[in-house]
Protein chains: 2
Amino acid sequence: MLTLHHLLIGRALFTLWLVEELEAPHELKIYHRDPATMRAPMELRAVHPLGKAPIIEDGPVTLAESGAITTWLLTRYRSDRVLVPDSSDPQLWANYLYWLHYPEGSAFLPLLMELLMMRSAARPEPFATFAAGEVPLHLDHMVEGLGDRDYLLGAQISGADFGFAYIVSLAGRLGLLGSRPTLLAYLQRVTSRPACQRAMEKTGERI
Amino acid sequence: MLTLHHLLIGRALFTLWLVEELEAPHELKIYHRDPATMRAPMELRAVHPLGKAPIIEDGPVTLAESGAITTWLLTRYRSDRVLVPDSSDPQLWANYLYWLHYPEGSAFLPLLMELLMMRSAARPEPFATFAAGEVPLHLDHMVEGLGDRDYLLGAQISGADFGFAYIVSLAGRLGLLGSRPTLLAYLQRVTSRPACQRAMEKTGERI
């Protein structure tokens, strides 16, 4: 049995959405952030030492890290609905690998800095200068990466879109998408998918 | 032909080390950080829009993101020397996926905050509190993840060790490994490997 340890509000929604796309039977365990600190509750550390979400349990295996979970789920519960390129098409496969790692490997860091500065209503150095340079660089890169395609790799959604949609949605929550209609349209496209709507209905979250 | 775009000093060394383990023929292009800002030079943006390193070019493909590059290299230049588990052993495969994503997906962020605070000799909130909680949590997690094994997955080095060695070495450069002999011994084990020594000799870097 697949169990999803889900934290409101955050990236775990995008793992649940993937599970819904794959129509994989699962149990959902929902956790709430500490209202004072907005951090994950300590009870998640009993599931995984870092106490972050998402975490999945699948039989005897417990797994964290969104990108790792994506690969796990797409291998174990493969569906024709979600594209997973392999090395037979080198350019497509390279794009897939890149965008699979990019959200948490590069884009999240400056966005988290923005989030922390907005919450604290302070923009201290050297973080303010770092984020001021990196945030627009990454948003422009996301626009360019998507181009005029519906999803990152083309007309079909792929495993790389779930992490990408998370960071686009995070940028949206931070109010950074105003001048980037490509990314706003992408979020609308994502949220119109029935599997994404089921995920949002189950947790009460919005993208 | 494989080309490595290498930035002194940083994570690119760990990609070069992997290439040396795989004995893959390659060309090395070395770039230097801006001495005032310690950031990558703008010329790297002509290779990849974000202008970070490592970046590889392999035939017509240009690829960034360390974890993505690791998977690419291990698929194209496979060697019995470096373990790459697959889904036939679920627990080993889950461990591999986790540690492949963890360095850039989770551990780098608080370490970069520490690095920026050390360079600027200031510890502003809310970053100081964030890093004070996260850095020891991650260092303890790395110690626990390694356990009493020589490498992350056992006696043999795997594709997950290259990114892990980078963040352990970064923690070492920040002076954070004093009370963690497990991680210091791991770095010694890594740097005693002939392939790692060849990589360090080629760039003049030390781990």
Side-chain angles (χ1 to χ4, degrees), chain A residues 37 39 45 48-52 56 58-72 75-76 86-87 90-91 93-106 108-109 112-113 116-117 119-120 122-130 133-134 137-138 140-141 144-145 163, chain B residues 37 39 45 48-52 56 58-72 75-76 86-87 90-91 93-106 108-109 112-113 116-117 119-120 122-130 133-134 137-138 140-141 144-145 163:
Chain A
T37 66
R39 305 298 297 273
R45 293 202 186 177
H48 183 276
L50 294 178
K52 322 283 191 197
I56 66 166
D58 198 356
V61 164
T62 301
L63 184 59
E65 285 294 332
S66 301
I69 291 171
T70 296
T71 297
W72 176 275
T75 305
R76 299 269 288 191
D86 62 27
S87 60
Q91 185 62 66
W93 183 54
N95 288 349
Y96 180 70
L97 291 177
Y98 178 73
W99 292 109
L100 181 67
H101 281 265
Y102 168 79
E104 303 293 346
S106 283
F108 180 66
L109 193 154
L112 179 76
M113 286 188 186
L116 291 175
M117 290 193 286
R119 276 193 195 146
S120 66
R123 299 190 68 82
E125 294 298 343
F127 298 96
T129 295
F130 184 94
E134 291 293 307
L137 180 69
H138 280 281
D140 290 346
H141 184 54
E144 184 187 17
Chain B
T37 65
R39 306 296 296 274
R45 292 200 187 177
H48 182 276
L50 293 178
K52 321 284 192 198
I56 65 167
D58 199 355
V61 164
T62 300
L63 184 59
E65 285 293 332
S66 301
I69 291 172
T70 295
T71 298
W72 176 275
T75 306
R76 300 269 288 190
D86 63 27
S87 59
Q91 185 61 65
W93 183 56
N95 288 350
Y96 180 70
L97 291 177
Y98 178 73
W99 292 109
L100 180 68
H101 281 266
Y102 168 79
E104 303 293 346
S106 283
F108 180 66
L109 193 153
L112 179 77
M113 287 187 186
L116 291 175
M117 289 192 286
R119 276 193 196 148
S120 66
R123 299 190 68 82
E125 293 299 343
F127 298 96
T129 295
F130 185 93
E134 291 293 307
L137 180 67
H138 280 281
D140 289 347
H141 185 54
E144 185 186 16

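Lettering of chains follows the sequences in order, A, B, ..., and the numbering in each one begins at 1. Note that these values count all heavy atoms, side chains included, but never hydrogens, waters or copies made by symmetry.
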Output the option from A:E134, A:E125, A:R119 having the highest count of non-hydrogen pairs under 4.5 Å with chain B.
-> A:E134
Option that, when pairs with chain B are counted at under 4.5 Å, heavy atom only, ranks first among A:T37, A:L50, A:L112 = A:L50
Taking every non-hydrogen atom, the tightest pair across [X] and [Y]:
| X | Y | result |
| --- | --- | --- |
| B:Q91 | A:P60 | OE1-O, 3.8 Å |
| B:L97 | A:W72 | CD1-N, 4.0 Å |
| A:L63 | B:A94 | CD1-O, 3.5 Å |

Do [X] and [Y] touch side chain to side chain, with heavy atoms closer than 4.5 Å?
| X | Y | answer |
| --- | --- | --- |
| B:E144 | A:P49 | yes |
| A:H101 | B:T70 | no |
| B:F130 | A:R39 | yes |
| A:W93 | B:T71 | yes |

Heavy-atom proximity to chain B below 4.5 Å, by part of A:Y98 = both
Side chain from CB out, backbone as N, CA, C, O: work out which of these in A:S120 comes under 4.5 Å of a heavy atom of chain B, or both, or neither.
-> side chain
Side chain, backbone, both or neither: which part of B:L109 has a heavy atom under 4.5 Å from chain A?
-> both
Per-residue contact mode, B:Y102 against chain A (heavy atom under 4.5 angstrom) = both
Rounded to the nearest 0.5 angstrom, the NZ-CG distance for B:K52 and A:L137 is 5.5 Å
Among B:G59, B:G51, B:A64, which has the most heavy-atom pairs under 4.5 Å with chain A?
-> B:A64
Residues two or more places apart in sequence or in another chain: which of them pass salt bridge (Lys or Arg N to Asp or Glu O under 4.0 Å) with B:E65?
-> none
